**Student:** 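Okay, here's the structure, questions in a sec.
Predicted model only: the values in this text are computed from it and were never measured. Convention: sequence-line order gives letters A, B, ...; per-chain numbering from 1.
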Protein chains: 2
Amino acid sequence: MSDPRQPTRRQATGFDLSQFIPYRLAVLADEISQTIAQVYVDQFDLTRHEWRILAWLGKHRSMPAKDVGRNAGLDKMQMSRALARLEDKKLVAVERDEEDRRGNVLGLTRQGRATYDRIAPLALAREEYLLSALTVEEVAALDTIMAKLLRQASALNDKS
Amino acid sequence: MSDPRQPTRRQATGFDLSQFIPYRLAVLADEISQTIAQVYVDQFDLTRHEWRILAWLGKHRSMPAKDVGRNAGLDKMQMSRALARLEDKKLVAVERDEEDRRGNVLGLTRQGRATYDRIAPLALAREEYLLSALTVEEVAALDTIMAKLLRQASALNDKS
DNA sequence: GATAATTAGTAACATATGTTACCATTAAGT
DNA sequence: ACTTAATGGTAACATATGTTACTAATTATC
């Protein structure tokens, strides 16, 4: 255990971008994102946002657009645009919500479900492959670490 | 240890976006990115790309633009645009490289260094705060895990 | 129960980013 | 040495994304 009044090793060596966790995380997330994007972009001509909506609906069936957005990490404008394209491609059905007529209710079309059913296993296989670089313990640690960091970062961001 | 012929727990439960590591990593990286962006965007009016160039030059002094780009994860077009703005703001000096007259050599201006010197400690402090959510062992594990995943993903991406 | 405040969604504009093609310079092939 | 290929960089265009402001519907307040 180190004396908290002393600068840490990291601080002592100054600011090194290549060792900076936020930078490394961004680079890693990008690289991994690309790994999955090779499936839904190259093979199915979907954007990342479109794929996320499809992925959520694939598991959770019909629901209000705002809920999908919240769960897929998309704001209302991103939802609006992605949905317009998904409707064009006839993968998602968008209907006025009769419970709350401001909003929309989303559902997969038959074609949408078929597309989801084809992408999901490929995406999972890629994830499996990526995680196969880790030990079982490391996979478990990653889960914990991501949860803790997300909580910490969110707390910091929500304050302002 | 599980029988590899059996579907894993993850596969057995189908595709769940909220448990999908690439998705969770993207969300996490975004959230953490925002934490740091609050410093360089809100307080110093820099874009992420501009900040990365500044950060690299702050530690490594004068060097060819293409090397900065490679190390900061920016392609040549991203470099070109970010440098135009950094030059405008008089934070970076861009000069024709006399060794190889196709390229540019970059260096921080006095003002650029002053800006870097003000941002770096703030960025490091935020990183410290984020990592303070983890145990010492978890920080070490994170380092290993990120390295392994990056290698695995890069291998997959470079093939195609 | 009228009025104000909030919410889901979209339009329209500004800005940012990706893409293709090009210029200038250097390196390689013959 | 002359031609071809490769490299660093930028211009110009298309596309994508963020931002502000608006509409329509719902909820809260008095």
**Student:** C:dT6 P sits how many Å from A:Lys76 NZ, rounded?
**Tutor:**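 So the NZ-P distance, A:Lys76 to C:dT6, works out to 13 Å.
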**Student:** Heavy-atom nearest nucleotide on DNA chain D for A:Asp97 versus A:Thr47: which residue maps closer to 5'?
**Tutor:**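 Result of the comparison: A:Thr47.
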**Student:** Looking only at the aromatic ring of each residue, does the gap between the centers of B:Trp51 and A:Phe15 stay below 6.0 angstrom?
**Tutor:**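 Yes; B:Trp51 has its ring centre under 6.0 Å from that of A:Phe15.
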**Student:** For A:Arg81 and C:dG9, give me the distance from atom CZ to atom P, rounded to whole Å.
**Tutor:**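 In whole Å, C:dG9 P lies 15 Å from A:Arg81 CZ.
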**Student:** Quickly work out the B:Met63 CE to D:dG8 P distance and round it to whole Å.
**Tutor:**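 Result: 14 Å.
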**Student:** Has the side chain of B:Arg101 got a donor or acceptor atom sitting under 3.5 Å from an opposite partner on the base of C:dT25?
**Tutor:**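 Counting by modelled atom types and ignoring angles, no donor-acceptor contact under 3.5 Å is found here.
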**Student:** Taking the side chain from B:Lys89 and the backbone from B:Asp45, do they hold a donor-acceptor pair closer than 3.5 Å?
**Tutor:**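 It does hold such a pair.
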**Student:** Test for a donor-acceptor pair under 3.5 Å between the base of D:dG8 and the side chain of B:Lys66, counting only N and O atoms.
**Tutor:**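 No, the side chain and the base share no sub-3.5 Å donor-acceptor pair.
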**Student:** Just call it for A:Asn104: base, sugar-phosphate, or nothing, with non-hydrogen atoms closer than 4.0 Å on any strand.
**Tutor:**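 Sugar-phosphate: the residue A:Asn104, judged by heavy atoms under 4.0 Å, touches backbone atoms but no base.
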**Student:** Assess whether one donor atom and one acceptor atom, taken from the side chain of B:Arg96 and the base of D:dG9, lie less than 3.5 Å apart.
**Tutor:**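 Such a pair does not exist between side chain and base.
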**Student:** With a 4.0 Å cut-off, would you call B:Asp97 and B:Arg102 a salt bridge?
**Tutor:**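 Judged by the 4.0 Å cut-off on N to carboxylate O distance, B:Asp97 and B:Arg102 do not form a salt bridge.
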**Student:** With a 4.0 Å limit, can you tell me whether B:Ser80 has a side-chain N or O closer than that to the phosphate oxygens OP1/OP2 of D:dG9?
**Tutor:**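 Checking D:dG9 against B:Ser80, no side-chain N or O comes under 4.0 Å of OP1 or OP2.
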**Student:** Base, sugar-phosphate alone, or nothing: which one does A:Asp75 contact when heavy atoms must sit under 4.0 Å apart?
**Tutor:**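 Result for A:Asp75 = nothing.
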**Student:** Okay, side chain of B:Asp67, backbone of B:Met63: is any donor-acceptor separation there less than 3.5 Å?
**Tutor:**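 Such a contact is absent between B:Asp67 side chain and B:Met63 backbone.
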**Student:** Could you tell me the separation between the CD1 atom of A:Ile53 and the P atom of C:dG9, rounded to a whole number of Å?
**Tutor:**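 Atom CD1 in A:Ile53 sits about 11 Å away from atom P in C:dG9.
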**Student:** Please tell me which of A:Arg102 and A:Leu83 maps to the more 5' nucleotide of DNA chain C, matching each residue to the nucleotide holding its nearest heavy atom.
**Tutor:**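 This one resolves to A:Arg102.
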**Student:** For the CZ atom of A:Arg96 and the CZ atom of A:Arg101, what is their distance to the nearest 0.5 Å?
**Tutor:**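 A:Arg96 atom CZ to A:Arg101 atom CZ measures 7.0 Å (nearest 0.5 Å).
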**Student:** Could you tell me how far apart A:Glu87 (CD) and C:dG9 (P) are, to the nearest whole angstrom?
**Tutor:**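 In whole Å, C:dG9 P lies 12 Å from A:Glu87 CD.
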**Student:** Taking only side-chain nitrogens and oxygens of A:Gln78, does any of them come within less than 4.0 Å of OP1 or OP2 of D:dA16?
**Tutor:**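 No.
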**Student:** Measure from CG on B:Asp100 to C1' on D:dG9 and round the result to the nearest Å.
**Tutor:**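 B:Asp100 atom CG is separated from D:dG9 atom C1' by 11 Å.
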**Student:** Considering every strand and a 4.0 Å limit on heavy-atom distances, what is the contact class for B:Met79: base, sugar-phosphate, or nothing?
**Tutor:**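 The answer is nothing, as B:Met79 stays clear of every strand by at least 4.0 Å.
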**Student:** What's B:Ala84 touching, base or sugar-phosphate or nothing? Going by heavy atoms closer than 4.0 Å.
**Tutor:**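 No contact.
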**Student:** Roughly, in whole Å, what's the span from CG in A:Leu106 to C1' in C:dG9?
**Tutor:**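 These atoms are roughly 12 Å apart.
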**Student:** Write down the distance between CZ (A:Arg48) and C1' (C:dG18), rounded to a whole number of angstrom.
**Tutor:**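 Roughly 15 Å, once rounded to whole Å.
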